[in-house]
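Notes for the one structure printed next.
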Amino acid sequence: MNDSEQRALEFAALQSLSYRRSGGRASSHARATARELRQLFDIGIPEQGREAAAVIEDLVRAAEPGLVGNVRPDFFAWVMGGSHPAGVAADWLTSSWGQNSAIYQCSPAAATAEEVAAKWLLDLMKLPEKSSVGFTTGATMASFIALAAARSEVLAKSGWDLELEGLNGAPTIKVFIGEEAHSAVWSALRLLGFGRSNYVTIGCDYQGRLRVDELAIRLEEHAGPKVIVCQAGHINSGAFDSFVEISELAAKHGAWTHVDGAFGLWANAVPHLTHLCAGVELADSWAVDGHKWLQVPYDSGFAIVKNADAHRRAMDITASYLNESEGDGRNPTHFVPELSRRARGFAVWAVIQALGRQGICEIVSRHCACAVRLSKILADEPGIEILNDVCLNQIALTIGSGMPAKDRDTIMAEFLSEIEKSHGPFLRSAKWKGQTIVRISIISPVTTMEHVEELARFILKAYRDVRSKHGSADPVCHSA
Ligand SMILES: *Cc1c(COP(=O)(O)O)cnc(C)c1O
């Protein structure tokens with residue numbers, strides 16, 4: 001390593017420290033426009049290589065105006081974690097060590113860190129201890145992996161050898177899935193060769209939970225291989241499906257049950273919240289994120305499969321040069337699609353150690369308590385409506401309740417623009433059940449009750465400003 005390379009590493013470490021000490025700089029909003037960022041980054045390909053230290057200085061200069069405040073306490077826009085410093089430090093080492101964690105022999109350390117972290121994850125989330133775990137990029141890929149195992153297994157049970165014969169001519173698998181499943185799951189299914197006519201879309205209740213009565217009827221209508229997709233933690237409401245009843249139906253019909261629990265499955269690590277996940281361990285596979293509630297740096301997700309053989313069969317890679325010996329440990333690549341890959345286990349190992357059981361419980365329960373408090377303050381304001389039963393860390397809020405739809409849209413648009421202009425807490429909107437909502441996710445590890453009360457004041461002020469412009473003291477009465 002030359003002097004400049006050494007300075008590059010030192011500079012990066014100092015920059016990281018200064019960024020985190022400042023709490024993620026002054027605002028959660030990016031300062032620069034797309035055009036400005038393009039100019040900062042597009043400095044041309046140099047003919048000659050440059051000093052590493054100077055390159056890293058340029059990188060910081062270009063990137064900082066375009067950073068968003070995931071590590072700040074006023075980040076509420078999406079369910080995204082805040083990269084715990086212990087995970088960041090482990091990630092620095094992961095890159096410095098330059099390990100390829102494809103198979104055990106490529107990096108015995110990386111393979112063993114994953115093996116042990118996998119065991120801890122199953123323990124923390126109270127999932128069957130013999131399940132296999134693939135360390136992947138996020139919950140989207142985790143669902144992809146788990147559903148690939150599901151596809152192989154339900155076909156095998158129908159007498160079809162997917163690994164031998166492929167999909168051409170295979171029995172049609174019906175996928176029973178709630179109409180409010182996360183977009184990531186639909187994407188994973190599409191990548192696996194499923195299309196709209198293979199889905200049996202099941203209606204959802206007012207919280208986005210799959211209607212079990214409807215599922216029961218629809219399962220009766222189809223013979224042949226079946227997969228049921230349910231969720232732990234609806235993206236807008238935080239709601240959980242009824243896993244006990246769904247698993248009973250799955251058992252009756254020989255269906256595979258997959259749970260998208262990207263963030264919600266962490267409720268199972270918290271003693272007073274496990275009721276939300278009741279029966280979740282009865283499923284066949286689970287997709288969970290490391291980079292959301294667990295606060296592992298991006299990218300980190302876990303594909304967990306009860307039937308480890310099906311998991312391996314779906315993901316297996318063998319090649320003559322991938323030597324495996326008696327006495328080797330676990331080969332990470334057997335549980336994911338990638339061969340060469342980042343040593344994802346180090347950061348997971350480090351974050352679990354740094355937080356401990358109590359730390360994980362504390363973060364999840366604090367966020368849930370913050371959500372309850374925030375929703376109570378906001379629900380007291382006439383014209384603000386909380387659309388979900390706040391059971392987790394998510395709040396779906398709408399304004400102008402009681403007004404005609406047209407006026408509601410107008411006042412919501414103005415409210416959103418008011419929020420955006422202020423460059424205060426970072427919030428984003430979504431569409432849910434035909435309405436525009438403000439979707440508040442309490443997920444940053446540094447967010448406390450105090451920040452949430454500040455957010456309430458901010459929302460109330462923006463709302464009252466917009467409401468007063470419309471000359472109405474109380475839109476609910478006004479519209480009546
Ligand atoms: C975030 C999320 C996903 C997608 O996870 P990625 O890590 O972004 O791939 C899927 N389902 C739910 C419920 C989520 O919250």
Side-chain angles (χ1 to χ4, degrees), residues 68 70 75-84 87 121 125 133-148 150 175 177-192 204 207-210 228-241 243 246 257-269 273 276-277 280 283 285-304 336-338 341-342 344 347-348 351 363-364 367-368 371 388 391-396 428 430-432 437 439-444:
V68 165
N70 291 58
F75 181 89
F76 302 102
W78 299 283
V79 196
M80 293 179 177
S83 297
H84 191 288
L121 289 166
M125 287 184 282
V133 184
F135 286 64
T136 183
T137 50
T140 307
M141 278 311 285
S143 276
F144 171 84
I145 295 166
L147 290 164
V175 180
I177 179 167
E179 61 186 348
E180 297 199 21
H182 193 278
S183 51
V185 181
W186 301 100
S187 156
L189 285 165
R190 199 179 58 244
L191 293 171
L192 288 164
C204 290
Q207 292 298 295
R209 286 178 295 239
L210 205 140
I228 302 170
V229 177
C230 45
Q231 61 185 345
H234 182 287
I235 194 68
N236 295 324
S237 70
F240 292 70
D241 285 334
F243 306 114
I246 293 170
T257 308
H258 172 67
V259 180
D260 172 11
F263 59 105
L265 253 179
W266 286 102
N268 223 21
L273 295 176
L276 294 169
C277 292
V280 80
S285 60
W286 305 265
V288 194
D289 267 313
H291 55 215
K292 287 181 180 168
W293 245 339
L294 190 59
Q295 315 293 342
V296 176
Y298 298 88
D299 39 23
S300 172
F302 316 115
I304 306 177
V336 291
E338 304 91 9
R341 56 194 287 284
R342 184 170 184 78
R344 294 214 164 83
V348 178
V351 172
I363 290 181
V364 174
H367 288 160
C368 295
N388 62 320
C391 66
L392 207 64
N393 65 327
Q394 298 293 110
I395 296 177
R428 282 291 177 271
K431 283 260 186 227
W432 190 34
I437 58 165
R439 230 195 62 207
I440 304 170
S441 302
I442 302 167
I443 193 78
S444 164

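Just follow the structure's listing: the first ligand is 1, and inside any ligand the first atom is 1. We use all heavy atoms of the structure for the numbers below, so side chains are in, but hydrogens, waters and symmetry mates are not.
Pairs of residues two or more places apart, or lying in two chains, never qualify as salt bridge (Lys or Arg N to Asp or Glu O under 4.0 Å) while including a residue from residues 181-190.
Partners of Ala371 according to the side chain to side chain contact (heavy atoms under 4.5 Å, CB included) rule, which considers only residues two or more places apart in sequence or in another chain, are Val390, Ile395, Ile442.
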Return a table of N or O atom pairs, ligand 1 on one side and protein on the other, at distances under 3.5 Å, rounded to 0.1 Å.
{"from": "ligand 1", "atom 1": "5 (O)", "to": "Asp289", "atom 2": "OD2", "distance (Å)": "3.3"}
{"from": "ligand 1", "atom 1": "7 (O)", "to": "Ala139", "atom 2": "N", "distance (Å)": "3.0"}
{"from": "ligand 1", "atom 1": "7 (O)", "to": "Asp289", "atom 2": "OD1", "distance (Å)": "2.8"}
{"from": "ligand 1", "atom 1": "7 (O)", "to": "Asp289", "atom 2": "OD2", "distance (Å)": "2.9"}
{"from": "ligand 1", "atom 1": "7 (O)", "to": "His291", "atom 2": "NE2", "distance (Å)": "2.8"}
{"from": "ligand 1", "atom 1": "9 (O)", "to": "Ala139", "atom 2": "N", "distance (Å)": "3.3"}
{"from": "ligand 1", "atom 1": "9 (O)", "to": "Thr140", "atom 2": "N", "distance (Å)": "2.9"}
{"from": "ligand 1", "atom 1": "9 (O)", "to": "Thr140", "atom 2": "OG1", "distance (Å)": "2.5"}
{"from": "ligand 1", "atom 1": "11 (N)", "to": "Asp260", "atom 2": "OD1", "distance (Å)": "3.1"}
{"from": "ligand 1", "atom 1": "11 (N)", "to": "Asp260", "atom 2": "OD2", "distance (Å)": "2.7"}
{"from": "ligand 1", "atom 1": "15 (O)", "to": "Lys292", "atom 2": "NZ", "distance (Å)": "2.8"}

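Listed for the Gln231 side chain is no donor-acceptor partner under 3.5 Å among the backbone atoms of Asp260. Formation of a donor-acceptor pair under 3.5 Å by the Asp299 side chain with backbone atoms of Thr137 is not found in this model.
Within the 4.5 Å cutoff, the side chain of Leu192 has heavy atoms near those of the Phe144 side chain.
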For residues 181-188, please give each side-chain donor-acceptor pair under 3.5 Å, one per line with the distance, not counting sequence neighbours.
{"from": "His182", "atom 1": "ND1", "to": "Ala184", "atom 2": "N", "distance (Å)": "2.9"}
{"from": "Trp186", "atom 1": "NE1", "to": "Ala181", "atom 2": "O", "distance (Å)": "3.1"}

